[in-house]
K.L.:
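Below is one structure. I have some questions about it.
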Amino acid sequence: NDDRNLRPNKNIIRPILNIQYRTEGFDVKDITIYVNNPDAYYKSFLVKKFHEKWALENSIDTFIDEIVESYVDYGGALVRNMNESRPEVIDLRTLAFCDQKDILSYPFAIKHTFSPSSLKKMVAWDKDAIERLILLTKDEPEIIVYEVHGILPEKDENEINVVAHYKDRNKNEIGVTLFTHKEPKLPFKFLQRDSIYGRALGFGGIEELIESQVWTNFDEQKITEMLDVASKILFKSSDPSFKTRNNLRNVDNFEVLTLQENKDIAQLDTYPRNLAIFNDSVARWEQHARQMGAASEGLLGEAPTSGTPFKLFEAQNIEAKSMHHYRQGKIAVFMEEIYRDWVLSHISKEITNDQDFLTELSSDEMQEVIE
C-alpha cells in the first residue's frame, strides 16, 4: 500500500526475541572458576569469589548479553580477542565482505567509521599515512577504514591490513595502507546458531519469524483498509438535489431535512463483514511465530487459557524452555572455550598480585571457610 497511514506494523517478532535473550543467556554467577588440582582445590573458593568481582569490573555480563543477542538476531556471533580482559563482539553488520560459506577460512573485512580526531588516537598505525589521509579527505564528513584479515592473494600466511582510500582530482579511488602485520593465528571465534549446510550464518531468530511477520502485516493492512472504510458514514438518496441543498456535517441533532416528493434517503451499510476472517488469519500467523520461536503463553507472561490445569501449564512451559536450554548449552560451551583460550590468562595474572576485596558469603560458604 503506497499510503503510509494504511501500512500498520504489528511487531510479533520483538516479544519472541526478548524471550530468547533472557532464556538463552546466563549470568556471570553461572560461570564457575576452579583450580584443577586436588592438592590446591581449596583455592577454588577464592578464585570463584575473585571472579565475581573481576567480571563486574570488566563488564563480562554485558559481553555475554552481546553474544546472545548477535547469536539470536543474526544466526551467529563473531568474537575477537583484544588481548585484554574483555573480548569484543563484532557487529555482523560491520562486515564489509566475507565468504558466505565460511567467514573465518577466507579473507574478510570489518568496516570502521572514524572522525579525524578518533583516527589520530590509533597510535599503533602509521602516523604519517594517517596525517596524509586526513588531509586528503578533509572534505569528507567521515573517514571509512577497512580492517582486512586472512591470507590475501600472493601471500602465504595470515595478515591484518588496515586500509582506506581517497579520491584524486579525477575521482579515482587511491588506496592508503595505515597498518599491516602478520597474524599467525586469527584472534577470532565464531558461533553458529542452528547451522545450515553451505552457509556461514545459521538460521537466525529474526529470519525464522520473517514469514509470519510479512503475512501478519498483510492482514493488518487489509484490516486497516476495511476499518478506514467502515469509519465513514455514507448516505444514498434518490433526491438528486439533496446534496446541493444540504451539508450533513453542519446538521444539528433533531433537525428535519426536506426531500422532494416520493424521494428517499438512507445510510449505506459499510460494516466490514470480512473482518473476522482477517482477525483469524492474524491470530494463526502469530501462533505460528510463537511455535517457531518456542514462545509459550507462560514465557510471554500471558495467562493460560481458561480451564487449563496447573500441572499441564507447568509441563508446557518446561517443554517450551527445552529448545532455549539446548541453544543455551551451545553458547555455554562457546563461552567456556573463550575463557580457556583468552580470559583465564588475564584472571591468572591479576589474582597472583596482592588482592584485597569484600564479598558476601552464604552460610555454607562461611562453614567452608571455617573448616
Side-chain angles (χ1 to χ4, degrees), residues 17-73 76-91 185-193 298-299 301 314 317-318 320-371:
L17 292 184
N18 287 334
I19 288 176
Q20 297 187 29
Y21 295 154
R22 65 176 183 261
T23 54
E24 296 176 17
F26 44 87
D27 298 325
V28 168
K29 63 181 177 60
D30 297 319
I31 301 175
T32 302
I33 308 294
Y34 60 92
V35 177
N36 193 20
N37 182 345
D39 296 330
Y41 191 72
Y42 67 92
K43 295 179 182 178
S44 298
F45 173 79
L46 290 174
V47 173
K48 179 182 177 182
K49 289 300 179 181
F50 174 77
H51 173 256
E52 294 176 0
K53 163 185 170 291
W54 176 90
L56 181 62
E57 293 174 349
N58 291 280
S59 302
I60 299 299
D61 52 348
T62 304
F63 170 67
I64 296 172
D65 292 340
E66 290 173 355
I67 288 180
V68 173
E69 289 169 9
S70 178
Y71 175 83
V72 169
D73 288 352
L78 182 63
V79 181
R80 169 171 37 194
N81 181 14
M82 301 294 291
N83 292 321
E84 298 175 356
S85 299
R86 185 185 189 276
E88 176 190 19
V89 179
I90 304 297
D91 189 331
K185 184 178 181 181
L186 282 176
F188 292 91
K189 292 183 183 294
F190 181 73
L191 175 65
Q192 189 183 55
R193 177 189 188 268
L299 294 180
E314 183 182 35
N317 280 338
I318 293 173
K321 286 183 178 180
S322 62
M323 174 55 71
H324 301 303
H325 289 163
Y326 164 74
R327 292 176 177 145
Q328 185 186 57
K330 288 188 172 183
I331 299 173
V333 172
F334 182 65
M335 180 61 65
E336 180 184 5
E337 182 182 340
I338 290 174
Y339 257 70
R340 290 186 183 277
D341 293 348
W342 296 345
V343 176
L344 287 181
S345 59
H346 295 284
I347 297 178
S348 177
K349 289 178 183 177
E350 291 191 39
I351 201 170
T352 51
N353 297 326
D354 289 341
Q355 297 291 339
D356 188 4
F357 62 95
L358 295 175
T359 186
E360 293 183 358
L361 304 182
S362 65
S363 58
D364 292 338
E365 290 172 335
M366 196 66 197
Q367 185 63 36
E368 182 181 348
V369 172
I370 293 172
E371 292 174 357

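Both backbone and side-chain heavy atoms feed into the values below; hydrogens, waters and symmetry mates do not.
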K.L.:
Surrounding CG of Asn36 (heavy atoms of other residues, nucleotides or ligands, distance under 6.0 Å), is the total greater than 12?
P.N.:
no
K.L.:
Check whether more than 12 heavy atoms from other residues, nucleotides or ligands sit under 6.0 Å from atom CE of Met366, and answer yes or no.
P.N.:
no
K.L.:
Below 4.5 Å, heavy atoms only, C-beta onward: do Ile33 and Leu344 meet side chain to side chain?
P.N.:
yes
K.L.:
Which residues pass the salt bridge (charged side-chain N to carboxylate O under 4.0 Å, His left out) test with Glu88, sequence neighbours left out?
P.N.:
Arg80
K.L.:
Is Leu361 close to Lys49 at the side-chain level, that is, under 4.5 Å between some pair of heavy atoms?
P.N.:
yes
K.L.:
Who passes salt bridge (charged side-chain N to carboxylate O under 4.0 Å, His left out) against Glu57, sequence neighbours left out?
P.N.:
Lys53
K.L.:
Mind checking whether Tyr339 and Ile347 have side chains closer than 4.5 Å, heavy atoms only?
P.N.:
yes
K.L.:
Please say whether more than 12 non-hydrogen atoms of neighbouring residues, nucleotides or ligands are located less than 6.0 Å from CD1 in Ile370.
P.N.:
yes
K.L.:
Please test Asp341 against Lys189 for side-chain contact (heavy atoms from CB on, under 4.5 Å), starting from the C-alpha separation and ending with a verdict.
P.N.:
CA-CA 10 Å; Asp341 293 348; Lys189 292 183 183 294; 2.8 Å; yes
K.L.:
Which residues pass the side-chain contact (heavy atoms from CB on, under 4.5 Å) test with Arg86, sequence neighbours left out?
P.N.:
Ser59, Ile60, Thr62, Phe63, Glu66
K.L.:
Do Asp30 and Asp27 come within less than 4.5 Å of each other through their side chains, counting heavy atoms only?
P.N.:
yes
K.L.:
Do other residues, nucleotides or ligands put more than 12 heavy atoms under 6.0 Å from Asn353 CG?
P.N.:
yes
K.L.:
Do Pro87 and Asn81 have side chains that get closer than 4.5 Å, going by heavy atoms?
P.N.:
no
K.L.:
How far apart are the C-alpha atoms of Val89 and Tyr71, what are their side-chain angles, what is the distance that settles it, and do they pass the side-chain contact (heavy atoms from CB on, under 4.5 Å) test?
P.N.:
CA-CA 10 Å; Val89 179; Tyr71 175 83; over 6 Å; no
K.L.:
Taking all atoms of both residues into account, what is the closest heavy-atom pair of Glu368 and Phe45, and its distance?
P.N.:
OE2-CB, 3.8 Å
K.L.:
Could you check if a side-chain atom of His324 sits within less than 4.5 angstrom of a side-chain atom of Ile19, using non-hydrogen atoms only?
P.N.:
yes
K.L.:
Please determine whether salt bridge (charged side-chain N to carboxylate O under 4.0 Å, His left out) holds for the pair Glu52 and Lys48, giving the CA-CA distance in whole Å, both sets of side-chain angles, and the decisive distance to 0.1 Å.
P.N.:
CA-CA 7 Å; Glu52 294 176 0; Lys48 179 182 177 182; 5.3 Å; no
K.L.:
Before you tell me yes or no, could you show the steps for Leu56 and Val28 under side-chain contact (heavy atoms from CB on, under 4.5 Å), namely the whole-Å CA-CA distance, both residues' side-chain angles and the distance that decides it to 0.1 Å?
P.N.:
CA-CA 8 Å; Leu56 181 62; Val28 168; over 6 Å; no
